[in-house]
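Letters A, B, ... are given to chains in the order of the sequence lines, protein chains preceding strands, and every chain is numbered from 1.
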Amino acid sequence: AKDEAGASLELTSALPDSVPSGTELRLGDPQLQSVIQASGLDKELTDAGVTVEWANISGGPKSIQAFRADKLDCSAVADIPSLFAAWTGTATKIVFQAVTIDPLKFPIYQLGVAPGVSVTSLADLRGKKIAYSAGQAQGALVLRVLQKAGLSQKDVTLVELTSNGDSYVTALGSKAVDVAPIAAANVKIYNAKYPGATAINTGIRDDASTLYCLTKSVEDADKAAALKAYVAVRTKALLWANEHPDEYAKAYYQDVQGLNEADAKDVVATDGNKGVPATWDNAIKRLQETADLLATEQNHEKLDVNTLVDRRFEKVQAEAAGAQVVTGDAA
Amino acid sequence: MTTTVHAPPDLEKSTDDRRVVRKRLGPGKRIPFAFWIGPALFLAVWAAGSATGVISPAILTAPWDVAIAFQDQWVNHDLLGNILSSLQRAVIGLALGVITGAVLAVLSGLSRIGESLIDGPIQIKRSVPTLALIPLFIAWFGIGQEMKIVTIALITLVPIYVHTHNGLRSIDGKYAELAETIGIGRGEFIRHIVLPGALPGFLLGMRFAVTSSMLGLVVVEQYNAVAGIGHMITLAEQYGQTDVIVVGLVIYGVFGYCADSAVRLTGRKVLAWRRTLED
Amino acid sequence: MTTTVHAPPDLEKSTDDRRVVRKRLGPGKRIPFAFWIGPALFLAVWAAGSATGVISPAILTAPWDVAIAFQDQWVNHDLLGNILSSLQRAVIGLALGVITGAVLAVLSGLSRIGESLIDGPIQIKRSVPTLALIPLFIAWFGIGQEMKIVTIALITLVPIYVHTHNGLRSIDGKYAELAETIGIGRGEFIRHIVLPGALPGFLLGMRFAVTSSMLGLVVVEQYNAVAGIGHMITLAEQYGQTDVIVVGLVIYGVFGYCADSAVRLTGRKVLAWRRTLED
Amino acid sequence: MASHVGGLTQTAVRVRNLHRSFSKNGGVLNGLDLDIAAGEFVALIGRSGTGKSTLLRALAGLDRGVAGHGQIAVPESVSVVFQDSRLLPWKRILDNVVFGLRGSDAGARGRQALAEVGLAGRETAWPYQLSGGEQQRAALARSLVREPQLLLADEPFGALDALTRIRMHVLLRKLCEAHRPAVLLVTHDVDEAIVLADRVILLDDGVVRTDVRVDLPDRSRSSAGFAELRTFLLDELGVEEENR
Amino acid sequence: MASHVGGLTQTAVRVRNLHRSFSKNGGVLNGLDLDIAAGEFVALIGRSGTGKSTLLRALAGLDRGVAGHGQIAVPESVSVVFQDSRLLPWKRILDNVVFGLRGSDAGARGRQALAEVGLAGRETAWPYQLSGGEQQRAALARSLVREPQLLLADEPFGALDALTRIRMHVLLRKLCEAHRPAVLLVTHDVDEAIVLADRVILLDDGVVRTDVRVDLPDRSRSSAGFAELRTFLLDELGVEEENR
Ligand SMILES: Nc1ncnc2c1ncn2[C@@H]1O[C@H](COP(=O)(O)OP(=O)(O)OP(=O)(O)O)[C@@H](O)[C@H]1O
Ligand SMILES: Nc1ncnc2c1ncn2[C@@H]1O[C@H](COP(=O)(O)OP(=O)(O)OP(=O)(O)O)[C@@H](O)[C@H]1O
Ligand SMILES: [Mg+2]
Ligand SMILES: [Mg+2]
């Protein structure tokens, strides 16, 4: 059953409800995997007839590689990968959108400032050496920050530097760059490691969080049905994590990512609560802005991001979240 | 006309040993326990640097903090499990790589046609970063264990192939002549001349293959691994846990050094027929 | 009692050549242009796979599309500049690495004390992934050109050291004996015995050093590079531009293959004194 | 490959118009002709560097790359004792001797051959642990144990003392009588040539210059014929009276 | 390092109670004593495997790892002709000959030495391109060109034909007369020993069993004393009457 593709399904047809037995989803969604397992929601998946083959894959490049080889159906990422997938000819659809309830208070990235360098507001970025990585989320963030600060690329020195592991932290610590976006969760470690180091908020939303899938998988009727079930369960899992931060911290950050208890709790606290938007309108608008910015700054084609989302899942999410959907600014 | 010369009368029958002393040009006698000196010194410098603050902990965690992190990883995070997962991948991959590499080397070493077919592709593979080949391997072997083992096998195949091929081709031609006059077949030629003659080269290749297999882990364990030292290092990098990274590196260093020394020791045993500067 | 035997009368004074034919056990005569067969075959398989759709373009771009991407990179993205930047780094790093590696190998090869000090740290360095050492190098050398060159030098130092050391230690002890009876000093010993004797090993090390230097570019050019083939590949990986990655890989492959062949050709020239299975 | 010539004696080795040269300036072998009958023992003498080893290598089929032409026919099974002893350094002595030998009794035959050359008890030594003469004897044992149709031996006794040499002579003659191989033995010792061979040939200028049959009823060195033949050969070699 | 013994003749080599063994079962040298005066030419004969090379290596200081004890004193400058020719394969013949030789005329001296051993014109050949005897002569040239105080030669003429060998004898004697080194020459050829040496010693059971001075007014082989000494030495070596 595993290798037989289900009947094909038009992207405009309604999502089928019943999942044929033996339908398997290949998911790179490690964070939610832990939550689903910890919360016992995996039983719901089984009941719905969905078999999941979990893959410990996340992030843009690796998920795109796996998509191209057709070894993965969906992966959890931020917003940039689906843009790059489109630009390089891999058709994907976003089937899940999440936001941070208070995105400016709980940003994913902050701007790390090297010890001895004085940057207290975005305006101070003028003339600074800023780490920049064109193809990664951090790169897009830098461009958006500059846009917000009213600066152009010429007003600063962008230092090409790939963000892998802790390369940005190291570059800051050795004063090779003045400013670099670093994960908010790592700021504490950064400050502790390099006396005199500081970090400022970007003041922009960077909370995009999606599950994007190979279009081919969404077009497979069996998988689409399974995905429908998965999106509902994922929604509940996300909300469960909000209410069970300690269990979440243990299940994922401690058991899977290998942090100690205190660090794990810290990370969960810096992450903030997640929400499911009632509609995807705002998320899509922000994605379009990012797409436009990157298209201009990095010479990509213009892109209509509506082709990248599968709004049939919008309602699946909203229904699963029920009254807990977030609306207004937060969304 | 002929005189029998008598033995000189002043024989000193002591057991004194006065030999002719010549300036030694080779490396001289092996120092016992030299094996430990290098790593011990290394550790000493590291410890001294950390204690005096020359090496800041942000750059390189102090040895004692690494020890604590090690213990923490062992007790709380199944370090042993990580090591065993990695070891399993490395060993299976290495075994496959070594066998294929050696077989290809013999095929290409003993036949010019085989060489022209096999050698080029391997040299090209060798010039290309493994990381860039991973997409291909994912397409062919998926993202599971299979892909990881194949990748490691391909990584380790290269040094084995190159060294065995080179070792084989460096065998003194006079032994091939001897074999030809003795009238043996290809199989016996390979067994009795090629393999023992290429053994020193092969063993050098083994030294590189062993370390390559471990370095390969860092690459492959970034893909869909839930355990392994490479996985552990990748994770620790994400969270800036310098001490855990160094735990990983120390494990690499220890394994690498021991594996290397094991191969060299084996070499000393199985190459007992040689008299070289080493002896 | 003794008879002078006359030459047989049936002398056939033709210039026919009828030799004794023995089964050849070595690889036999070199095939002319064999150098090209491997890469040509490789290209053929690649093209055939792409044309028939066996190799999907998402996994590996077709050769003709690579050619187009190559042209695009050349015209619109200063591919030549990238190549030259990389080449400069690789060459300087390689030169430093080769010299240091060879010097260290001789020091450690000819003195047991030197060995116990030098060998351990190098073996340990060798077991540790370069990527994991980069933070150290950044701290010591910044993220400029200096760090990149030092890193490449350290990467290439390893194979040169290991191979030269191994080659040196494999020199037949009887030549050291000869040198000792001839009463030369260390310097002459190194020049006349050690270096030529370790040359085959050194050359094998060169083959690995050359490719390592290029692979090292992929790592170091992730850091603060605005040009270079490694930089180009890294960017393309982030964007998922398979065709550009393959352009990079092809350049690597071509450079690697040519450099390797150059070293081997040099080897054949400078090792003309050997009679091995190669000949 | 063996060439059979009609008539009473079979020809084991037949060489016609053999040319070999290593450089353009001059050949080493310049149209050499040679026949060796089956079972015949021929000693080859000649100055150092005249091409004795070159001829042996041609007969053994080991000179593929060497320029030249000519016709050679030799028996199927040939065994060579090289000028260097050419023991495989990675094999112990016994393994060297039985290398390539087939049959379940190979080990026993190897041991016996080693004992016959005076190396009993050295079976498990590495080649580097043998003295020069011991290595040479091990190489001799390796060839003798094979019982070939043609034995090509390049100075197999060069590193042996007088007594050991005589023992090896006796051994070689015994084996020749038992298996009757054709033998071509290179030697620098004219006495040895006369004692052992049915025919002595002298290589000079790339051809067989002298070819004498040894027809002595008594091969002891004190016999008249011995001295006469010896004088003849030393004359041919150019050794002056006073140095004999 | 040279040890000077009071009296008229200086002692170049002085060996006392020399023991060497490669295994626990028995020694190769068992308390050997030997003196060689400066300028003296000693020939060393003995059965294959009795320890001649072992003794030479001890005198040359090349047996560091070998078990044993005893006292040895030798002159500062020693040159060794090894039993294998031991040319450096990566050096051309001339470079092999002048290897380690100092002085601006090294090249010229090397060329001359090569010419003297009959290898003029082969200066740029690689070692593998020489015949066995040619390699041996190149190794001899390498030793002779050095003019050492002690020459240790391990069967330096083993691979040479009679005529070439005689030429080398002449050459060696000439050089000995010019520079008067002490010489210890291993040979299996009793005639050669008598022709060349001032003294012939026979090694047996790890000691010098026989030590005879060659006091012949006429060294030609036809002289009466020659034959008598030859008979004596062959007797000592154990070679029977009929095989001489
Ligand atoms: N591979 C080679 N390349 C060039 N010249 C060679 C080669 N082999 C042999 N020769 C030359 O050919 C000639 C004959 O060599 P060969 O080995 O046959 O002599 P030989 O009669 O066996 O001498 P010896 O008694 O010294 O062993 C010599 O002058 C030698 O230098
Ligand atoms: N490295 C070694 N290990 C073990 N045994 C050895 C070693 N070298 C020599 N021998 C043994 O010591 C004995 C003496 O050897 P040596 O080479 O001195 O003999 P030799 O008198 O020179 O003989 P030949 O005339 O055959 O050269 C021999 O029996 C030999 O096998
Ligand atoms: Mg010869
Ligand atoms: Mg000897």
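Environment of CZ in R186(C): crowded, with over 12 heavy atoms of neighbouring residues, nucleotides or ligands closer than 6.0 Å. Counted within 6.0 Å of CD1 on I113(C), heavy atoms from surrounding residues, nucleotides or ligands total 12 or fewer; the atom is thus considered open.
Minimum heavy-atom separation, L41(C) to L117(B): CD2-CD2, 3.9 Å. Closest non-hydrogen pair, G109(B) versus P27(C), comes out as O-CB, 3.2 Å. Considering all non-hydrogen atoms of both residues, G38(B) and P121(C) come closest at CA-CD, 4.1 Å. Residues L136(B) and L60(C) come closest through the heavy atom pair CD2-CB, 4.0 Å. For P39(C) against G120(B), the heavy-atom pair with the smallest separation is CD-CA, 4.5 Å. In plain terms, the two heavy atoms of G256(B) and S127(C) that are nearest each other are CA-OG, 3.5 Å.
With contacts defined as side-chain heavy-atom distances shorter than 4.5 Å, the pair T211(C)/Q123(B) does not qualify. For the pair T130(B)/L215(C), no side-chain contact is recorded, criterion being any heavy-atom separation below 4.5 Å from C-beta on. Using a 4.5 Å cut-off on side-chain heavy atoms (C-beta onward), E177(B) and R275(C) make no contact. Within the 4.5 Å cutoff, side-chain heavy atoms of P129(C) are placed close to those of L249(B). R207(C) places a side-chain heavy atom less than 4.5 Å from the side chain of N166(B). Side-chain atoms of R126(C) and F208(B), non-hydrogen and from C-beta on, do get closer than 4.5 Å to each other. No side-chain heavy atom of L277(B) sits less than 4.5 Å from a side-chain heavy atom of S170(C).
Under the 4.0 Å criterion applied to side-chain N and carboxylate O atoms, R274(B) and D172(C) are not assigned as salt-bridge partners. Ion pairing between a basic and an acidic side chain is recognised when a charged N comes within 4.0 Å of a carboxylate O; R264(B) and E115(C) show such pairing.
A side-chain donor-acceptor contact under 3.5 Å links R112(B) to the backbone of G28(C). Remark: the backbone N or O of L25(C) is paired with a side-chain donor or acceptor of E180(B) at under 3.5 angstrom. Side-chain atoms of T276(B) come within 3.5 Å of backbone N or O of R169(C) as a donor-acceptor pair.
Ranked by heavy-atom pairs under 4.5 Å with chain C, the first of F189(B), Y252(B), Y257(B) is F189(B). Per-residue counts of heavy-atom pairs under 4.5 Å with chain C were compared for I245(B), V162(B), I55(B), T242(B); the largest is that of V162(B). Of the listed residues (R24(C), K125(C), K174(C)), the greatest number of heavy-atom pairs within a distance under 4.5 Å of chain B belongs to R24(C). When each of I122(C), V128(C), D119(C), I171(C) is scored by its heavy-atom pairs under 4.5 Å with chain B, the top score falls to I171(C).
Proximity to chain B is absent for every atom of I138(C), based on heavy atoms less than 4.5 angstrom apart. In this structure, chain B has no heavy atom under 4.5 Å from any part of I118(C).
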